[in-house]
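Proteins get letters first, then strands, A, B, ... in listed order; numbering begins at 1 in each.
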Amino acid sequence: MLLIRCPYCEEERPELEFRNAGEAHIARSANMAGETDDDFEKFFFIRSNPKGIIYERWRHMHGCARFFNAVRDTVSDKFLMTYKAGEPKPAKLPGAAK
Amino acid sequence: MIAAFRIPGAGRLKQAETARFSFDGQSYSGVEGDTLASALLANGVHLVGRSFKYHRPRGFLSAGAEEPNALVEIKRDAARKTPNVRATVQELYDGLTAQSQNRWPSLSFDVGAVNDIASPLFSAGFYYKTFMWPKAAWKNFYEPKIRAAAGLGVAPDQPDPDHYSARFAHCDVLVLGGGAAGIAAALAAAETGVRVILADEQADFGGSLRFESGAQIEGQDGFAWAQAAVAKLRDMDNVRVLSRTTAFGYYAQNFVGLVERVSDHLRNPGGELPRERLWQVRAKRVVLATGAIERHMVFADNDRPGIMLASAARTYLNHYGVAVGRNVGVYTANDSAYAAAIDLKKAGVDVAAIIDLRDNPTGPVIDEARALGIEVNFGRAAIRAGGKLRVSSMTVQPKNGGGERTIPVDAILMSAGWTPSVHLFSQSRGKVAFNDETKRFVPGTYAQDCVSVGACNGTDGLSATIDEAYAAGAKAAKDAGASVVKGTKPKVDASESWSRGMLGAAPGAGPDTTVKAFVDFQNDVTAKDIRQAVHEGMHSIEHVKRFTTNGMATDQGKTSNMHGLAIAAETLGKPIPQVGLTTFRAPYTPVTFGSIIGHARGPLFDPTRKTAIHPWAEAQGAVFEDVGQWKRAWYFPKAGEDMHAAVDRECVTVRKTAGLFDASTLGKIEVVGPDAAKFMELLYTNPWEKLEPGRCRYGIMLREDGFIYDDGVVGRLAPDRFHVTTTTGGAPRVMNHMEDYLQTEFPHLNVWLTSITEQWAVIAVQGPKSRDIIAPLVEGIDMSDEALPHMSVREGRICGVPTRLFRMSFTGERGFEVNVPADYGQAVWEALWAEGQKHGACAYGTETMHVLRAEKGYIIVGQDTDGTVTPNDAGLDWAVGKKKTDFVGIRGMARPDLVAKGRKQLVGLKTKDPKVVLEEGAQIVEDPKQAIPMKMIGHVTSSYWSENCGRSIALALVAGGRDRMGETLYVPMPDGTIEVEVTGMVFFDEKGERLNG
Ligand SMILES: [Zn+2]
């Protein structure tokens, strides 16, 4: 069972308290109704599904109930860092040089 | 009476403390501290099982957790029958009852042994090849026959009456393995004051000190030192010592699963003690001290009862005081078997000969064996074992061929060397490295905060082991935050040491194709099978493993993996590291389902949710149905009524007078804040800004893809406050969906969301008399149609308690939903019920609710929709705000395939024969005479008998349905085709006049 750090609670808590909520940094258009079919397809259906670093959303469901973002390595399953919803993609990742 | 093979004065057990037990109906006596294995051996019993595939007679290979052969059933009572218990780890208790498995009619005469003769049928890859045969033959003949003929124990057929507990624990240093290395590491860590957990799978700590008679630590026998050291650890407040506890899985971030066997060794476990306890431990540092496992020699018929690992024979002698034979032979490629021969010889057992495959080994144990007068032969191989139910001889030959000599023996001790137990290290995702010199895989690259010490790390010799382990324990404590390091390292006064050995098949393993030289005893895999797998094209060890099933039994290949790998490598002509080691997976040894499940069974498996009105419904004899976690009243049968009669009566009564329905399970969310209306505009298809406080609206929620996600009536209590209802099952996901958008997409909106499902009990009062029933109890609300029209909400009091009174209808009748704080739910229900009785009202359940809403064509999300239905498909276009510029789903709804012609649309169906009720889920076709497979154009989503309509009614999703009004379609069923007519969705009171009736 993984330990995940909630950036709001500022604590590492067991995975059981959290729910994954899909890939992060996929912004909903401010002009949703005007999106082209292609743009909507990219927004709604296409996900990066990388082998390696993924930016994803989690919710501290059985804790503070906040959604936040996390950087995880899909190969090792390691969380590199977590940060609050709305914050930009981190420019530098801790321990990513490995 | 002392058992025949118990040696007086030998071993550590108190031989006077006897325990009676039975095996296959025969009574025996053992002593306290025995395992079932040592007690049987003390009585001269070696034959204890039949093998998996060939039904070969089998005895004990080992004295520990790696045992592949001696699997028995332990029976306490009819419900407590545990199959596949390793007799080598089952502790004896007075009254223990054990049975052999996989044999019929008896262990010594087993009909299934014909498989041994028919073995060419069962060779490598047999399962895969058999799958290629005709499918019907597999299903009707091979599978049932094979399952009956090959197999392990029989699963119990009654519910497990025992209970299992679970604990979570945190520590600084977790030490896995309680041999010399683990104890030394635990001492070093514990003395710094950090929190330590030390766990070992055996009843007694000490590991190999149980048999190493040459070990002396701190001036005493190694095993005695271990007991003293563990007693000291037990007395420390910062240390938890767990015996009979197996670490079965090593997971991410130093999370380790352990099972403690709490009462399987007790004569009377009693009701209080759990059978097992699951420990889920998170450790800052883990010390792996899991030791090494001896390997057998691979030669013809090396599975005969009486042939065992040298260390096992030594354990039975030095710990249990049992001789495994009177005249033993030894076959080895390594020094450790000499130590066993020496101990047995000194205890008075004849050692017929030591056959050493090595050419000219030297060392003190060899000299000592010779000095004791034991015949020692170098450069020779035991090529075959004689005997069937018990080994009777070993046939010996110079390893490069030559004259054979047959030596009579009643046991053979063998050792091909020792395999470091890297299972947990490998599970931690560490990478093993092959040491070419010692021919073994040892921990290489670490993936987690752990360290391996002693034999599992490839460290030979007691002194080196204790040095390494003590230092590692101190370092682990320091890394986990310890500051003070005190204490002293245990001093080793004398020790044994050996390494090396051989991997793979010895000369006696073939190449003769009829020879059975076992590599994997539990799965009956021979050296020939592995060679054959390579010849048939399996070049990766993972393929060889699956093709032969080598290492895939419950023993996880503890004794067989390295031999299998070496034989494959030799056949492929490649070095071992290039062929690779298979991945080790949890569990290390079998784990019961009970320990994993713990308390989560029966009523505790999943929470049961009951409404405030549940006790009343129960008292009235309601029949309940499960809706998610909720128990909902399904129907209220009167005496003599079946479901059909009860539902018919309820349906008619509601439309004639009135009915009361417990709607408390409806999801309820309060949306509050200055931007509440803006938020509602974004989350629902409908317009909300202009909805006046005090009015309600039926809302539809979509996902971003444009499909219906949920629906419900929403009341606006105030400009900044909405009372939102959701489907019963949808409440949690709707709340999650709303929170997601509020927190991440629309965080600028000043809105708060609160789940109020549990806070409000909801009593639906529906029917022409509904107002007459409610009005006398209500204060502060004008109940006239002018003041409280359909689809409005008022706050006031009922029966003196606060209420949110909705005028709304899910039946098509004049209707109300009375919301009261849940604590008053039953009292208000009872007051309404008393009023209702004056008018002849009934209580109705979910079935009647379903029928009444279907009569009116009201959909149920999740029944009439399935996640691929748009508002237009459901005929709900009217609920989509046409002028709105944004809401969740607005763009998805406009996707080309969602606006294309011919989509499945919700329509009504009337059977031509009004008495026929369609089956929900039944498929619909245009032409019933077309060839199979027919083109299916839709399916029935809801279908009922409607007593009010005097006929059956149904809703269905049909391609282009709304353009098919009046068309005849067909529903093919197993017993004939049903003709139906496509209709509108409203079957009763089409004009909707009864809402104000
Ligand atoms: Zn949190």
(request) Could you look at A:Ala65 and say if it's the side chain, the backbone, both or neither that has a heavy atom under 4.5 Å from chain B? (result) backbone
(message) Using 0.5 Å steps for rounding, measure from the CG atom of B:Leu288 to the SG atom of B:Cys450.
(response) 5.0 Å
(message) To the nearest 0.5 Å, what is the distance between CG on B:Leu278 and CG on B:Leu258?
(response) 8.0 Å
(request) Name all residues meeting the ring pair (Phe, Tyr, Trp, His ring centres under 6.0 Å) criterion together with B:Phe887; count only those two or more places apart in sequence or in a different chain, and write none if there are none. (result) none
Show me the donor-acceptor pairs under 3.5 Å between chain B and chain A.
{"from": "B:Gln253", "atom 1": "OE1", "to": "A:Leu3", "atom 2": "N", "distance (Å)": "2.5"}
{"from": "B:Gln253", "atom 1": "NE2", "to": "A:Leu3", "atom 2": "O", "distance (Å)": "3.3"}
{"from": "B:Arg282", "atom 1": "NH1", "to": "A:Met1", "atom 2": "O", "distance (Å)": "2.9"}
{"from": "B:Arg282", "atom 1": "NH2", "to": "A:Met1", "atom 2": "O", "distance (Å)": "2.8"}
{"from": "B:Arg429", "atom 1": "NH1", "to": "A:Val75", "atom 2": "O", "distance (Å)": "3.2"}
{"from": "B:Arg429", "atom 1": "NH1", "to": "A:Ser76", "atom 2": "O", "distance (Å)": "3.2"}
{"from": "B:Glu704", "atom 1": "OE1", "to": "A:Arg28", "atom 2": "NE", "distance (Å)": "2.8"}
{"from": "B:Glu704", "atom 1": "OE2", "to": "A:Arg28", "atom 2": "NE", "distance (Å)": "3.4"}
{"from": "B:Glu704", "atom 1": "OE2", "to": "A:Arg28", "atom 2": "NH2", "distance (Å)": "3.2"}
{"from": "B:Asn736", "atom 1": "OD1", "to": "A:Arg59", "atom 2": "NH1", "distance (Å)": "2.5"}
{"from": "B:Asp740", "atom 1": "OD1", "to": "A:Arg57", "atom 2": "NH1", "distance (Å)": "2.8"}
{"from": "B:Asp740", "atom 1": "OD1", "to": "A:Arg57", "atom 2": "NH2", "distance (Å)": "3.2"}
{"from": "B:Asp740", "atom 1": "OD2", "to": "A:Arg57", "atom 2": "NH2", "distance (Å)": "2.7"}
{"from": "B:Gln743", "atom 1": "OE1", "to": "A:Phe67", "atom 2": "N", "distance (Å)": "2.6"}
{"from": "B:Gln743", "atom 1": "NE2", "to": "A:Ala65", "atom 2": "O", "distance (Å)": "3.0"}
{"from": "B:Asp886", "atom 1": "OD1", "to": "A:Arg28", "atom 2": "NH2", "distance (Å)": "3.1"}
{"from": "B:Asp886", "atom 1": "OD2", "to": "A:Arg28", "atom 2": "NH1", "distance (Å)": "3.0"}
{"from": "B:Phe887", "atom 1": "O", "to": "A:Arg28", "atom 2": "NH2", "distance (Å)": "3.3"}
{"from": "B:Arg891", "atom 1": "NE", "to": "A:Glu35", "atom 2": "O", "distance (Å)": "2.6"}
{"from": "B:Arg891", "atom 1": "NH2", "to": "A:Glu35", "atom 2": "O", "distance (Å)": "3.2"}
{"from": "B:Arg891", "atom 1": "NH2", "to": "A:Asp37", "atom 2": "OD1", "distance (Å)": "2.3"}

(request) Heavy-atom distances under 4.5 Å only: say whether B:Val256 touches chain A with side chain, backbone, both or neither. (result) neither
(message) Nearest 0.5 angstrom please: B:Ile708 CD1 to B:Met893 CE, how far?
(response) 10.0 Å
(request) Tell me, please, which residues at least two apart from B:Tyr684 pass ring pair (Phe, Tyr, Trp, His ring centres under 6.0 Å). (result) B:Trp688
(message) I'd like to verify something: which residue of B:Gly257, B:Ala894, B:Gly892 has the highest number of heavy-atom pairs under 4.5 Å with chain A?
(response) B:Gly892
(request) Using ring pair (Phe, Tyr, Trp, His ring centres under 6.0 Å) as the criterion, list what pairs up with B:Phe679, not counting sequence neighbours. (result) none
(request) Consider only side-chain N and O atoms of B:Asn872 and B:Asp877, and report whether a donor and an acceptor are under 3.5 Å apart. (result) yes
(message) Looking at every non-hydrogen atom in both residues, tell me the closest pair between B:Leu742 and B:Leu749 and how far apart they are.
(response) CD1-O, 3.9 Å
(request) Counting only heavy atoms closer than 4.5 Å, note whether A:Phe40 contacts chain B via side chain, backbone, both or neither. (result) side chain
(request) Please look at A:Phe45 and chain B and tell me whether the side chain, the backbone, both or neither of the residue comes under 4.5 angstrom of a heavy atom of that chain. (result) side chain
